[in-house]
Amino acid sequence: MDNTCDEPISTGSAPMSADLTSGAAGAVDGASAVANGVGTSVADLLSGVSHTLRGLLDDLQAAANLRPGQMVVVGASSSEVQGQRIGTATSLAVGEAIVDTVLAWATELGLTVAFQCCEHLNRALVVSRSTAVARNLEEVSAVPVPGAGGAVAATAYFRLEDACLVRAVQADAGIDIGDTFIGMHLKPVVVPVRGRTRELGAAHVTMARTRPPLIGGARAVYDVETARQRLQGV
């Protein structure tokens, strides 16, 4: 059985806060004591996730200098955050902590967010329908749930206004929590971003920004000040 996508922890039409002790792999316990000062209790884990993630997102913005209207892609495994193997310990509570933190940050900066589903849905992405229309994105038919899409995508689907799934995006930056692999949804050229920590809970975190490809060879100019000097004959 392919367990690389989070397994369901409860039934129902919409994500709701769930106890972290639910899930195929059992409870958050001493074996999953996590980094960044986050303890093993449910409250400590969720508080630590939100606090650490906000810091990482601020680091991403500092490196990427994202402008209003640009897109960030988020991939995350709630299982990995708890110190469990991806796809074995879904937590909607962790999913909610991640989604709510990301959306609060993005709203402050005027950014658009795409939340990546797991490979059971071919890594399709949750976006608002207005985003899909404005960017001419190809819509696909599915509703993500913890067993097929993942806790983060399932939560995002019911957090975003008039959400839908799209096949692919080309985002300006991204954060990957738990090695979910978001590279297929980033614009070229991808530049790694090192944040203040490489872990969220127990999950490995990578971030990236993108830049336009450099063209023109040795004689080309790539910054405005140098161009001004060239024009002035300096």
Side-chain angles (χ1 to χ4, degrees), residues 1-29 32 34 38 40-54 56-57 72-106 113-128 142-160 163-166 174-182 185 199-205:
M1 177 179 176
D2 186 351
N3 285 324
T4 54
C5 184
D6 288 349
E7 293 302 316
I9 60 174
S10 62
T11 57
S13 60
M16 299 174 62
S17 293
D19 182 34
L20 288 174
T21 59
S22 300
V28 175
D29 56 24
S32 62
V34 293
V38 181
T40 57
S41 74
V42 172
D44 282 348
L45 178 62
L46 297 179
S47 175
V49 164
S50 297
H51 176 76
T52 303
L53 178 55
R54 178 56 195 244
L56 285 166
L57 292 169
V72 175
V73 60
V74 176
S77 166
S78 63
S79 299
E80 292 283 337
V81 170
Q82 297 175 84
Q84 305 292 341
R85 184 171 62 84
I86 190 169
T88 63
T90 288
S91 167
L92 289 175
V94 171
E96 289 173 347
I98 291 171
V99 171
D100 290 346
T101 301
V102 170
L103 289 179
W105 169 80
V113 184
F115 292 91
Q116 180 180 275
C117 299
C118 67
E119 81 287 351
H120 280 64
L121 296 184
N122 297 329
R123 291 192 173 87
L125 307 107
V126 180
V127 298
S128 66
V143 177
V145 294
V152 170
T155 299
Y157 191 90
F158 290 94
R159 287 287 199 266
L160 292 173
C164 66
L165 254 62
V166 296
I175 181 168
D176 186 332
I177 303 164
D179 299 323
T180 64
F181 298 107
I182 60 171
H185 295 306
E199 292 181 321
L200 180 68
H204 179 232
V205 174

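Both backbone and side-chain heavy atoms feed into the values below; hydrogens, waters and symmetry mates do not.
- Legend: residues meeting side chain to side chain donor-acceptor pair (under 3.5 Å) with H51, ordered by chain and number and at least two apart, are absent.
- Minimum heavy-atom separation, H120 to G147: CD2-O, 4.3 Å.
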(request) Start with the C-alpha gap between W105 and V72, add the side-chain angles, then the distance that decides, and say whether side-chain contact (heavy atoms from CB on, under 4.5 Å) holds. (result) CA-CA 11 Å; W105 169 80; V72 175; 4.0 Å; yes

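- Scanning both residues, S78 and G95, for their nearest heavy atoms gives CB-N, 4.5 Å.
- Without hydrogens or angle criteria, E80 side chain to L200 main chain gives no donor-acceptor distance under 3.5 Å.
- The side chain to side chain contact (heavy atoms under 4.5 Å, CB included) with V74 is formed by just one residue from the set T180, I175, I182; it is I175.
- With hydrogens and angles disregarded, no donor-acceptor distance shorter than 3.5 Å links the side chain of S47 to the backbone of A43.
- Residues A148 and L121 approach most closely at O-CD1, 3.3 Å, considering heavy atoms.
- Not counting sequence neighbours, the partners of A153 by the side-chain contact (heavy atoms from CB on, under 4.5 Å) test are C117, V126, P144.
- Take D100 and apply the salt bridge (Lys or Arg N to Asp or Glu O under 4.0 Å) test, not counting sequence neighbours, and it matches R159.
- In terms of heavy-atom proximity, G87 sits nearest to S79 at N-OG, 3.5 Å.
- Rounded to the nearest 0.5 angstrom, T90 OG1 and Q84 CD are separated by 11.0 Å.
- For the pairing with F115, the side chain to side chain contact (heavy atoms under 4.5 Å, CB included) check across L165, T155, V127, L103 returns one residue only, L103.
- Distance check: Q116 CD to L125 CG gives 6.0 Å after rounding to the nearest 0.5 Å.
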Working note: Q82 + S91, criterion side-chain contact (heavy atoms from CB on, under 4.5 Å); need CA distance, chi angles, decisive distance, verdict.
CA-CA 9 Å; Q82 297 175 84; S91 167; 3.4 Å; yes

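- When every heavy atom of L53 is checked against every heavy atom of V102, the shortest pair comes out as CD2-CG2, 4.0 Å.
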Verify side-chain contact (heavy atoms from CB on, under 4.5 Å) between H185 and R123, making sure each step is shown before the conclusion.
-> CA-CA 9 Å; H185 295 306; R123 291 192 173 87; 4.1 Å; yes

- Message: Could you go through V49 and V81, starting from their C-alpha distance and side-chain angles, then the distance that decides it, and tell me whether this counts as side-chain contact (heavy atoms from CB on, under 4.5 Å)?
- Response: CA-CA 8 Å; V49 164; V81 170; 3.6 Å; yes

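- With E199 contributing its side chain and H204 its backbone, the two residues share no donor-acceptor pair below 3.5 Å.
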